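Remarks on the structure that follows.
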Amino acid sequence: MDDSEYVAKCDDWLAAGGKALEEILWNETCYWNFREPDTGTESDLMFGYQLGGRWITSWHGVDAVFPADRVSVTLQTIRDVNCRLSQSDAVNCANLDGTVAQVGGYGPYSYFPPELFMLAMTCMYEGSRGFGMDLLRHCLAGIVHWGYVWNFPNTTRGDADYYQNLMLWAVPAALAGGDMTEPQSAGGLIQRILDATQLGAVSS
């Protein structure tokens, strides 16, 4: 929109954010949960869903936020720590030594299905398609086993609209290794569904 002044400001913010990620938050195995150098306030809990931004950029087909080598190391740490503590995928927070973090709020074994979907898709985009599919299967199997409804457990209130579990519909693009436009491409999922309805049969 020819707003070069605002573009320059955004570029500065992105550069500062990337610098903070690398110099303040990276700890060689993952990113700190939070760390505020000015006050000394920090948390070294391992947050299992810290790479949501990686999924966002992959699905939108834009430049990555996190360096690729940091992503691979962080994903391995999540597998080794958070996933090993869960029967159905990855707990929100854990101690870096692999023990359960006694956190308040939702409790030590909690996680949100949409965040799990994003983590699973990140694994797929980063070359661990099988592990990502396993994460999805475990989560969905747990939901079915415990008799939850189709739109998945999250939070239900009369004054709130939770549609983030529709995140599941982004999986076909990740499985194909493409961005959000991939299912709409020639031969993509959407076209195959439309073709199947016209033929009266399910396309393989």
Side-chain angles (χ1 to χ4, degrees), residues 26-27 29-33 44-62 64-101 103 105-156 162-180 182-183 188-189:
W26 179 248
N27 70 7
T29 58
C30 63
Y31 291 97
W32 285 67
N33 191 26
D44 64 353
L45 290 180
M46 178 62 194
F47 181 49
Y49 300 98
Q50 61 185 263
L51 293 178
R54 183 66 165 192
W55 171 79
I56 290 170
T57 55
S58 298
W59 195 63
H60 284 81
V62 298
V65 175
F66 300 97
D69 58 336
R70 303 304 194 216
V71 171
S72 60
V73 172
T74 300
L75 284 176
Q76 188 61 53
T77 304
I78 292 169
R79 292 177 68 161
D80 293 342
V81 178
N82 302 73
C83 292
R84 289 192 179 182
L85 293 174
S86 174
Q87 295 181 17
S88 61
D89 291 318
V91 298
N92 280 340
C93 292
N95 297 313
L96 274 172
D97 63 3
T99 58
V100 176
V103 295
Y106 295 104
Y109 293 100
S110 64
Y111 68 88
F112 289 94
E115 292 181 346
L116 184 281
F117 300 158
M118 292 164 68
L119 173 61
M121 287 185 281
T122 300
C123 290
M124 294 174 193
Y125 280 121
E126 297 303 313
S128 296
R129 176 177 169 145
F131 185 75
M133 284 299 296
D134 284 343
L135 287 177
L136 279 175
R137 287 192 191 99
H138 293 158
C139 177
L140 295 172
I143 289 169
V144 171
H145 174 77
W146 292 108
Y148 292 116
V149 294
W150 160 245
N151 65 341
F152 312 126
N154 195 338
T155 301
T156 303
Y162 268 95
Y163 47 81
Q164 57 186 297
N165 292 304
L166 291 173
M167 199 74 66
L168 182 63
W169 291 102
V171 171
L175 283 172
D179 61 27
M180 67 169 77
E182 196 285 331
L189 178 64

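Atom set for the values below is all heavy atoms of this structure, side chains included, hydrogens, waters and symmetry mates excluded. Being a predicted model, the structure only gives us computed values, none of them experimental.
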Check: V100 and V91 side chains under 4.5 Å, non-hydrogen atoms: no

Validation row: M46, T29 side chains within 4.5 angstrom (heavy atoms): no

Over all atoms of both residues, closest heavy-atom pair of L85 and A94: CD1-CB, 3.6 Å

Side chains of D44 and N27 in contact at under 4.5 Å (non-hydrogen atoms): no

For the student: nearest non-hydrogen atoms of G48 and L119, plus distance: O-CD2, 3.9 Å

Side chain to side chain contact (heavy atoms under 4.5 Å, CB included) between V65 and I56, worked out: CA-CA 9 Å; V65 175; I56 290 170; over 6 Å; no

Value rounded to 0.5 Å, distance of CG in D80 from SG in C30: 11.0 Å

Spacing of CZ belonging to R70 relative to CG belonging to L51, to within rounding of 0.5 Å: 12.5 Å

Whether F47 and Y49 hold their rings parallel, tilted or perpendicular, with breakpoints at 30° and 60°: perpendicular

For V81 against L96, the heavy-atom pair lying closest together: CG2-O, 4.0 Å

Spacing of CD belonging to E126 relative to OG belonging to S58, to within rounding of 0.5 Å: 6.0 Å

Aromatic plane relationship, F66 with Y31 - under 30° parallel, 30 to 60° tilted, over 60° perpendicular: tilted

Exam field: side chain S72 to backbone D69, donor-acceptor pair closer than 3.5 Å: yes

Close side-chain approach of F117 to W55, heavy-atom, < 4.5 Å: no

Sub-4.5 Å side-chain heavy-atom contact between V71 and Y125: no

Donor-acceptor under 3.5 Å (D97 side chain, T99 main chain): yes

Spacing of W59 atom CH2 and M121 atom CE [to the nearest 0.5 Å]: 8.0 Å

Which atom of A64 lies closest to which atom of T57, heavy atoms considered: CA-OG1, 3.8 Å

Considering all heavy atoms, the nearest N92-E115 contact: OD1-OE1, 3.8 Å

More than 12 heavy atoms of other groups within 6.0 Å of Y109 OH: no

Side-chain touch W26/P67, heavy atoms, less than 4.5 angstrom: no

Side chain proximity check, S110 to V103, heavy atoms < 4.5 angstrom: no

Any D134 side-chain heavy atom under 4.5 Å of H138 side chain: yes

Side-chain donor/acceptor of N33 to backbone N/O of L45, under 3.5 Å: no

Test log, rule side chain to side chain contact (heavy atoms under 4.5 Å, CB included), inputs N82 and Q50: CA-CA 12 Å; N82 302 73; Q50 61 185 263; over 6 Å; no

Separation between CE of M118 and OG1 of T122, rounded to the nearest 0.5 Å: 7.0 Å

S128 vs L75, side chain to side chain contact (heavy atoms under 4.5 Å, CB included): CA-CA, chis, key distance, verdict: CA-CA 10 Å; S128 296; L75 284 176; over 6 Å; no

Gap between atom CD of Q76 and atom SG of C83 - 0.5 Å precision: 9.5 Å

